[in-house]
Amino acid sequence: MTATTRFAPSPTGRLHVGNLRTALHNWLLAKHHGGRFLLRIDDTDAERSREEFVDAIRHDLAWLGIVPDGEERQSARFDLYEREFARLAEQGRVYRCYETPQELELKRKVQLGRGLPPIYDRAALSLTEADHAAKAAAGDKPHWRFLLDRETPVEWVDGIRGPQHFDPAQMSDPVIRRADGSWLYMLPSVIDDIDMGITDVLRGEDHVSNTATQMQMFGALGSSPPRFAHEALLVGSEGKLSKRLGSLGIDTLREAGIEPHALVALLARLGTSDPVDASLDAGALAAGFDLSHFGRAPARFDEEELHRLNAAVVHAMSFSQAAACLPEGMDEAAWLAIRPNLAHVGEAADWWQVVTGPVDAPDFDDETRAFLAQAGEALASLAWSGEVWRDLVAVLKETSGRKGKDLFQPLRQALTGRDHGPEMAALLPLIGRDQALVRLESAVRAIQ
Ligand code: GLU
């Protein structure tokens with residue numbers, strides 16, 4: 001089995017984590033089957049579509065490591081839509097309507113008041129050619145609806161939701177084209193899915209009712225529908241669709257120091273029963289991608305989880321992966337020493353400053369200063385090696401009688417100016433003998 005999937009954003013805004021997840025899942029589904037993943041820019045709405053958003057969509061996908069196998073733009077395909085529309089018109093599957101939004105709203109209210117489903121009453125179907133001519137003469141332009149077949153139930157086995165059943169008698173004939181000739185989303189999407197050989201449509205469950213309508217369009221165009229799967233929507237950790245989540249995009253996450261791989265690892269598995277695992281690369285995520293592991297409950301996007309995952313990704317990052325974001329002069333040994341302390345790579349600069357100095361140690365009491373003086377002497381007489389911290393501690397335990405926090409804390413504070421941080425065993429060799437002695441001396445001198 002092979003697969004061709006697509007991600008079809010409208011370039012009317014930036015992508016948010018919800019769309020990014022859909023894009024990622026479509027990419028993983030295609031890669032799982034060794035297939036193709038297409039980026040389809042749904043820019044039929046010339047007024048709301050912007051080139052800057054098309055670029056942003058490409059950049060955001062690239063940042064995640066998602067490389068489409070092809071890109072298509074609906075605005076370049078109007079001729080095809082026109083031809084397919086003409087075919088539907090020949091079969092009588094599209095028809096002209098003139099109701100204004102206000103008239104439609106009134107009809108809805110009346111239907112609801114009578115306890116009837118608020119679906120379009122097909123009044124326009126009974127207009128004669130003479131009626132249409134009169135409308136045209138009066139300057140009224142029609143919009144177009146697709147004529148559903150109300151006799152044939154709509155059914156499909158959804159890749160996530162299982163068997164689906166819709167009664168078209170309860171559905172409105174959808175408007176597919178506006179009076180100005182512009183296209184609504186429904187029909188071009190189906191025409192493209194057919195023309196591009198899409199085998200699998202994976203999208204949010206907010207599209208389930210669209211799918212029910214589109215199913216009949218595939219049939220009317222002489223094609224069998226692709227496989228459909230609708231994933232549960234993303235909600236915030238508090239279980240709701242928050243405003244923040246609806247606008248949370250790559251820029252904000254990147255500024256917060258989130259690594260693309262951390263986001264990919266989380267989004268890939270969000271909504272599935274598979275554990276989130278930062279150690280899996282895209283290939284492994286694709287290999288394990290399986291629609292049957294998706295659940296129907298809303299998928300919770302927890303930013304704290306993302307930050308934890310990010311730390312795990314940073315802690316496993318090699319020097320060469322991190323190098324471009326590290327401060328000048330910071331070498332591999334320093335990266336390896338500092339890495340376990342980082343929530344994101346940007347914090348490395350802070351710790352590098354601790355290595356290169358200067359540092360601000362607190363004011364110590366007399367007794368501690370005496371101890372630090374001892375430490376300076378001991379350090380000066382020790383052979384300088386990768387084990388120097390261990391050796392220093394061994395000597396000081398003997399000579400000072402201190403242990404535990406009393407021993408370690410003043411040394412850390414004097415040598416780094418901080419109360420916490422990377423292992424001193426790794427930091428001290430990076431700080432170097434001369435700097436370490438200077439720092440101990442100045443801690444002893446501080447308030448004399
Ligand atoms: N442009 C549509 C949207 O963004 C595409 C939906 C689909 O995947 O078919 O909602």
Side-chain angles (χ1 to χ4, degrees), residues 3-30 35-51 53-54 56-58 60-61 66 68-78 80-81 84 146 154 156 158-161 164 166 174-178 182-218 221 223 225-234 241 245-247 249-250 267 271 291 294:
T4 303
T5 65
R6 87 302 193 273
F7 173 54
S10 303
T12 54
R14 291 293 302 260
L15 299 178
H16 54 74
V17 283
N19 325 123
L20 292 166
R21 170 173 171 256
T22 304
L24 177 65
H25 289 171
N26 275 285
W27 183 61
L28 292 173
L29 179 61
R36 281 161 51 78
F37 165 77
L38 304 180
L39 172 61
R40 189 184 85 200
I41 303 293
D42 279 7
D43 57 352
T44 55
D45 187 340
E47 227 161 80
R48 292 178 57 229
S49 299
R50 298 252 168 75
E51 210 47 39
F53 292 132
V54 176
I57 288 166
R58 292 189 191 117
D60 287 352
L61 294 184
I66 298 177
D69 300 300
E71 183 182 310
E72 301 283 353
R73 293 184 73 135
Q74 291 198 316
S75 58
R77 300 169 59 80
F78 289 143
L80 174 65
Y81 306 153
E84 295 300 90
F146 176 78
V154 173
W156 77 92
D158 194 281
I160 293 173
R161 298 164 65 84
Q164 302 290 300
F166 284 81
V175 177
I176 52 166
R177 199 169 191 183
R178 300 186 190 88
S182 64
W183 300 100
L184 280 105
Y185 151 75
M186 289 283 200
L187 182 64
S189 181
V190 171
I191 294 172
D192 285 344
D193 286 340
I194 295 170
D195 188 58
M196 295 170 195
I198 301 301
T199 60
D200 292 81
V201 174
L202 171 57
R203 54 190 182 184
E205 66 182 9
D206 50 334
H207 280 288
V208 169
S209 60
N210 287 343
T211 300
T213 303
Q214 289 177 320
M215 279 285 165
Q216 289 204 351
M217 294 183 180
F218 283 97
L221 291 167
S223 197
R227 289 181 287 268
F228 276 94
H230 296 85
E231 45 187 30
L233 299 183
L234 218 53
L241 198 70
L245 202 57
S247 63
I250 297 274
L267 292 182
L291 288 179
F294 278 79

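Every number for a ligand or one of its atoms is a count from 1 in the order of the listing. The structure displayed is predicted, hence computed values, not measured ones. Just so you know, these numbers use all the heavy atoms, side chains as well, and skip hydrogens, waters and symmetry mates.
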Q: Check whether any side-chain N or O of S223 sits under 3.5 Å from a backbone N or O of F218 as a donor-acceptor pair, and report yes or no.
A: no

Q: Would you please classify the geometry between the F228 ring and the H230 ring as parallel, tilted or perpendicular, with 30° and 60° separating the classes?
A: parallel

Q: Report all protein residues having a heavy-atom distance below 4.0 Å to some atom of ligand 1; order the list by chain, then number.
A: R6, A8, S10, D42, Y185, S189, R203, H207

Q. Rounded to the nearest 0.5 Å, how far apart are CZ of R77 and OG1 of T44?
A. 12.5 Å

Q) Do the side chains of F166 and V208 get nearer than 4.5 Å, heavy atoms only? A) yes

Q: Only pairs at least two apart or in different chains count here, so list each salt bridge (charged side-chain N to carboxylate O under 4.0 Å, His left out) that has a residue in residues 201-216.
A: R161-E205

Q.
Any side-chain to backbone donor/acceptor pair from S182 onto R178? Under 3.5 Å, distance only.
A. no

